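Proteins come first, then strands; the chains are lettered A, B, ... in the order of their sequence lines, and each starts at number 1. Note that the structure is a prediction, hence the values are computed from the model and not measured.
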Amino acid sequence: MDEIRLQKVEALRELGIEPYPTEPFPINTTAAEILRYYPQQKLDFKSVRLAGRLWRKRIMGKASFAVLRDETGDIQLYFQRDDFAHQPELYDTLFKKLLDLGDIIGVEGFVFTTKTGEITVHVQHFRLLAKCLRPLPIEKETEEKTYAAFTDPELRYRMRYVDLIVHVGVRELFRRRSAIVQAIRDFFNERGYLEVETPILQPVYGGAFAQPFTTHHNALDMQLFLRISNELYLKRLIVGGFTGVYEFSKDFRNEGIDRYHNPEFTQVELYVAYQDYYWMMELVERLLEAVARRVLGTTQVSYNGLILDFTPPFARVRYYEAIEKAVGRDVRALSEQELLHLLTEKGVPLPEPPYERIDLVAQLFDKLVEPTLIQPTFVLDYPEEISPLAKKHRSEAGVVERFELIVAGKELANAYSELNDPIDQRRRLERQAALRAAGGLEAMPMDEDFLRALEYGMPPTAGLGLGIDRLTMLLCDAPSIQEVLLFPLLRPETPSPAES
RNA sequence: GUCCCCAUAGCUCAGCGGUAGAGCAGCGGAUUCUUAAUCCGCGGGCCGCAGGUUCGAAUCCUGCUGGGGACACCA
């Protein structure tokens with residue numbers, strides 16, 4: 001902490017000013033409201049009360065300008081010594097000496113326009129509401145340049161509270177993230193789907209290919225897993241008779257961290273009975289169109305220098321046909337040896353062992369097809385082997401009724417006509433169990449209770465998983481997932497001797 | 001896990017073998033329409049950590065820690 005500021009705390013108390021007062025300071029307006037409505041005099045601005053951080057101080061002797069930053073933005077303040085003639089130390093000592101940039105203050109006064117035309121609050125009363133003991137990285141900017149920008153990603157993520165104070169745009173991004181979630185929730189609620197909450201701590205994990213975090217319940221002395229997906233629980237609810245359920249789900253995957261992956265992330269999953277994946281594709285088109293319009297006012301989305309067009313209908317391409325287009329051959333007909341040869345020929349690295357024939361096909365898709373799909377594109381009809389929870393295709397053997405929505409070369413959504421044949425489901429999970437036994441760390445474990453639920457009968461159902469973080473990245477033009485997570489996972493801070 | 005880059009004042013950075021620097025922030029002073037306010041003056045550092053090379057290391061080398069990027073993994 002800053003030694004000088006600690007001394008100021010003492011000085012304040014000696015003056016009889018409590019640096020952390022108990023009394024509330026109810027406000028009646030905000031910076032943005034004043035700036036927006038004062039020019040038209042739509043509101044009464046003769047006695048405004050607002051609060052926020054002291055952000056600039058420009059003392060010119062007996063008068064001063066300052067800037068107050070609240071949640072909505074910045075507004076200029078004007079202080080005159082003469083206004084505090086009854087108690088001169090308020091201006092001479094409290095304002096001029098003891099208030100630091102970053103201190104949280106409440107002000108009361110009237111709005112006027114300065115000679116240079118800036119809307120300003122003429123402060124008649126002010127009060128310190130909370131002292132800031134650490135200097136903030138205050139950025140300064142002119143038309144052309146920003147000075148002392150607070151840009152170190154590590155500091156920004158570790159101290160997101162500071163990032164949020166300093167960067168208006170970061171606050172705006174997280175408001176937009178909230179608006180995206182709200183738009184999706186409204187879209188689903190309008191259609192009568194039920195928002196539910198299912199277990200995060202699961203005795204058996206499933207619903208995706210991933211390694212889980214494990215934990216332990218002391219009283220029951222049992223191992224538990226943080227969910228990697230909520231899919232199997234939502235399907236149990238469809239068995240239970242709900243026709244449409246969804247959940248915004250924090251999922252946890254014990255895997256690497258990069259620009260697109262954080263160990264905990266958010267998906268929304270939706271299951272609707274009596275529908276199939278064709279229906280779901282149209283729903284996803286309408287959903288993303290609605291979200292983009294509501295959040296951005298347009299379906300043309302700027303992302304990483306591109307314009308992504310979310311106007312339906314989106315492009316559709318079948319999985320094997322997309323690969324054939326990329327490599328010039330129908331890989332369904334190829335043996336494992338021929339596929340190995342093809343990967344080498346195309347310069348595609350082999351997957352990590354243990355791998356099977358189908359993993360070579362998937363590798364071709366992942367390396368040669370997915371990155372090339374920039375505009376929103378539905379890829380449909382995936383191989384059965386890599387889709388153990390999706391229903392067999394109604395007319396083609398070996399593939400299932402599944403689509404992924406690829407945007408900007410990354411998976412944004414994944415959906416199936418859900419597998420509801422309990423015999424087939426058992427067979428597929430048994431195959432997963434065999435893969436696990438052979439060392440496949442990410443193969444799904446057997447879930448007998450889930451199979452029992454299916455045996456009671458699940459209606460034909462369409463299911464969807466949509467990545468909220470990825471969608472937020474797209475709609476906020478954010479270059480990494482860390483930018484759209486308030487508190488992305490970082491290694492623990494190394495304690496420095498100076499701290500503590 | 002691998003490779004590359006980065007780490008110097010509260011923030012942003014310069015310095016790259018020879019006495020630690022700038023701007024902003026801070027402190028003292030002047031200043032009643034400023035807005036990167038201005039003007040005068042001042043303080044501020046385990047140069048990420050630990051070794052090594054050298055007469056001498058912020059600077060060169062090795063290791064470690066943290067971060068960023070790419071790859072791998074995440075079918």
Side-chain angles (χ1 to χ4, degrees), chain A residues 1-5 7-8 55-67 74-83 91 96-97 100-102 112-118 120 122 132-159 162 166 208-211 228 251 253-263 265 319 349-352 355-356 358-367 370 382-383 385-388 404 410-411 414 435 440-444 479-480 482 488 490-498:
Chain A
M1 268 175 302
D2 190 275
E3 199 53 46
I4 291 161
R5 294 199 181 196
Q7 288 164 14
K8 288 182 179 181
W55 203 241
R56 298 265 194 275
K57 241 167 45 164
R58 294 185 286 273
I59 297 171
M60 283 156 307
K62 292 176 183 160
S64 296
F65 288 94
V67 171
D74 296 350
I75 191 160
Q76 181 166 265
L77 306 177
Y78 180 64
F79 292 78
Q80 267 191 351
R81 189 180 192 281
D82 297 347
D83 293 330
Y91 182 81
K96 281 176 73 172
K97 302 282 185 192
D100 287 300
L101 301 192
F112 75 110
T113 306
T114 64
K115 284 176 190 165
T116 53
E118 181 155 351
T120 300
H122 186 126
C132 174
L133 293 180
R134 291 176 184 264
L136 282 163
I138 307 243
E139 299 186 348
K140 295 214 164 184
E141 49 193 22
T142 58
E143 301 283 321
E144 318 87 56
K145 258 184 101 174
T146 298
Y147 297 80
F150 181 60
T151 49
D152 185 328
E154 177 178 4
L155 294 178
R156 288 184 50 230
Y157 301 149
R158 275 197 204 286
M159 299 192 288
V162 172
V166 172
F209 299 107
Q211 295 187 59
I228 59 170
D251 293 341
R253 297 187 182 174
N254 207 337
E255 283 155 0
I257 297 174
D258 66 21
R259 223 144 62 77
Y260 300 95
H261 298 86
N262 191 66
F265 65 104
Y319 187 87
L350 297 183
E352 290 269 300
Y355 58 81
E356 303 195 303
I358 196 64
D359 298 315
L360 301 177
V361 174
Q363 184 77 348
L364 285 173
F365 180 84
D366 292 345
K367 300 300 170 206
E370 193 169 273
Y382 279 65
E385 300 94 315
I386 58 172
S387 314
E404 287 194 1
K410 291 282 168 190
E411 174 190 348
N414 182 22
L435 289 177
L441 291 173
E442 273 133 18
M444 288 183 200
S480 77
Q482 295 175 311
L490 298 175
R491 280 200 167 81
E493 207 165 351
T494 43
S496 76

Shortest non-hydrogen contact from [X] to [Y]?
{"X": "A/Pro263", "Y": "A/Ile257", "answer": "CD-CG1, 3.6 Å"}
{"X": "A/Arg253", "Y": "A/Ala210", "answer": "CD-CB, 3.5 Å"}
{"X": "A/Ser64", "Y": "A/Tyr91", "answer": "OG-OH, 2.7 Å"}
{"X": "A/Ile228", "Y": "A/Ala208", "answer": "CD1-O, 3.3 Å"}
{"X": "A/Gly102", "Y": "A/Leu136", "answer": "CA-CD1, 3.6 Å"}
{"X": "A/Gln76", "Y": "A/Arg58", "answer": "OE1-NH2, 2.8 Å"}

Between atom [atom1] in [X] and atom [atom2] in [N], what is the gap in whole Å?
{"X": "A/Ile257", "N": "B/rA72", "atom1": "CD1", "atom2": "P", "value": "18 Å"}
{"X": "A/Phe150", "N": "B/rC13", "atom1": "CZ", "atom2": "P", "value": "11 Å"}
{"X": "A/Leu364", "N": "B/rA75", "atom1": "CG", "atom2": "C1'", "value": "12 Å"}
{"X": "A/Glu411", "N": "B/rA75", "atom1": "CD", "atom2": "C1'", "value": "10 Å"}
{"X": "A/Leu77", "N": "B/rC33", "atom1": "CG", "atom2": "P", "value": "17 Å"}
{"X": "A/Ile59", "N": "B/rC39", "atom1": "CD1", "atom2": "C1'", "value": "15 Å"}
{"X": "A/Phe79", "N": "B/rC33", "atom1": "CZ", "atom2": "C1'", "value": "15 Å"}
{"X": "A/Asp82", "N": "B/rU32", "atom1": "CG", "atom2": "P", "value": "10 Å"}

After noting the C-alpha distance and the side-chain angles of A/His122 and A/Asp83, does the key distance pass the side-chain contact (heavy atoms from CB on, under 4.5 Å) rule?
-> CA-CA 10 Å; A/His122 186 126; A/Asp83 293 330; 2.6 Å; yes
Watson-Crick or G-U wobble mate for [N], both contacts under 3.5 Å:
{"N": "B/rA7", "value": "B/rU65"}
{"N": "B/rA37", "value": "none"}
{"N": "B/rG17", "value": "none"}
{"N": "B/rU2", "value": "B/rA70"}
{"N": "B/rU12", "value": "B/rA22"}
{"N": "B/rG45", "value": "none"}

Is [X] touching bases, backbone alone, or none of the nucleic acid, heavy atoms closer than 4.0 Å?
{"X": "A/Phe365", "value": "nothing"}
{"X": "A/Leu155", "value": "sugar-phosphate"}
{"X": "A/Arg58", "value": "base"}
{"X": "A/Glu442", "value": "sugar-phosphate"}
{"X": "A/Leu101", "value": "sugar-phosphate"}
{"X": "A/Arg5", "value": "nothing"}
{"X": "A/Tyr319", "value": "nothing"}
{"X": "A/Lys367", "value": "sugar-phosphate"}
{"X": "A/Ile4", "value": "sugar-phosphate"}

Taking atom [atom1] in both [N] and [M], what distance in whole Å separates the two?
{"N": "B/rU53", "M": "B/rU59", "atom1": "C1'", "result": "13 Å"}
{"N": "B/rG48", "M": "B/rU12", "atom1": "P", "result": "14 Å"}
{"N": "B/rC4", "M": "B/rC64", "atom1": "P", "result": "13 Å"}
{"N": "B/rC49", "M": "B/rU31", "atom1": "C1'", "result": "48 Å"}
{"N": "B/rA70", "M": "B/rC55", "atom1": "C1'", "result": "43 Å"}
{"N": "B/rU54", "M": "B/rC24", "atom1": "C1'", "result": "38 Å"}
{"N": "B/rC60", "M": "B/rG1", "atom1": "C1'", "result": "29 Å"}
{"N": "B/rU8", "M": "B/rG15", "atom1": "P", "result": "14 Å"}

Tell me which nucleotide among [options] gets nearest to the side chain of [X].
{"X": "A/Thr116", "options": "B/rG28, B/rU31, B/rU35", "value": "B/rU35"}
{"X": "A/Ala63", "options": "B/rU32, B/rU34, B/rC33", "value": "B/rU32"}
{"X": "A/Pro349", "options": "B/rU34, B/rA75, B/rA72", "value": "B/rA72"}
{"X": "A/Gln363", "options": "B/rA75, B/rU35, B/rC73", "value": "B/rC73"}
{"X": "A/Asp100", "options": "B/rU32, B/rC27, B/rC73", "value": "B/rC27"}
{"X": "A/Met60", "options": "B/rC33, B/rA72, B/rC27", "value": "B/rC33"}
{"X": "A/Gln80", "options": "B/rU32, B/rC11, B/rU34", "value": "B/rU32"}

Quick one: are A/Leu490 and A/Gln482 in side-chain contact, heavy atoms under 4.5 Å?
->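 A side-chain contact under 4.5 Å exists here.
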Any N/O pairs under 3.5 Å between the protein and nucleotides 67-69 of chain B? List them or say none.
{"unit_1": "B/rG67", "atom_1": "OP1", "unit_2": "A/Arg491", "atom_2": "N", "d": "2.8"}
{"unit_1": "B/rG67", "atom_1": "OP2", "unit_2": "A/Arg491", "atom_2": "NH1", "d": "3.2"}
{"unit_1": "B/rG67", "atom_1": "O4'", "unit_2": "A/Glu154", "atom_2": "OE1", "d": "3.1"}
{"unit_1": "B/rG68", "atom_1": "OP1", "unit_2": "A/Gln482", "atom_2": "OE1", "d": "3.2"}
{"unit_1": "B/rG68", "atom_1": "OP1", "unit_2": "A/Gln482", "atom_2": "NE2", "d": "3.2"}

Distance below 4.0 Å between A/Lys8 side-chain N/O and B/rC27 OP1 or OP2 =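 Yes, within the criterion.
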Is a donor-acceptor contact shorter than 3.5 angstrom present between the side chain of A/Ser64 and the base of B/rU34?
->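 When only heavy-atom distances are counted, A/Ser64 does not reach the base of B/rU34 through any donor-acceptor pair under 3.5 Å.
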Examine the base of B/rU34 for any acceptor or donor lying under 3.5 Å from a partner atom in the side chain of A/Glu118, and report the outcome as yes or no.
->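 In this structure, the two groups form no donor-acceptor pair.
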So which of A/Thr120, A/Asp74, A/Leu101 actually passes side chain to side chain contact (heavy atoms under 4.5 Å, CB included) with A/Val67?
->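 It is A/Asp74, the one option of A/Thr120, A/Asp74, A/Leu101 that forms the side chain to side chain contact (heavy atoms under 4.5 Å, CB included) with A/Val67.
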Toward the 5' end of RNA chain B, which comes first, A/Gly256 or A/Thr120, by nearest nucleotide?
->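 Comparing both residues, the 5'-ward one is A/Thr120.
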May I ask you to check whether A/Tyr319 and A/Phe365 place their ring centres under 6.0 Å from each other?
->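 Aromatic pair counts; centres sit under 6.0 Å.
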Do A/Tyr78 and A/Gln80 meet the criterion of a side-chain donor-acceptor pair at a distance under 3.5 Å?
->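 Result is yes, a qualifying pair exists.
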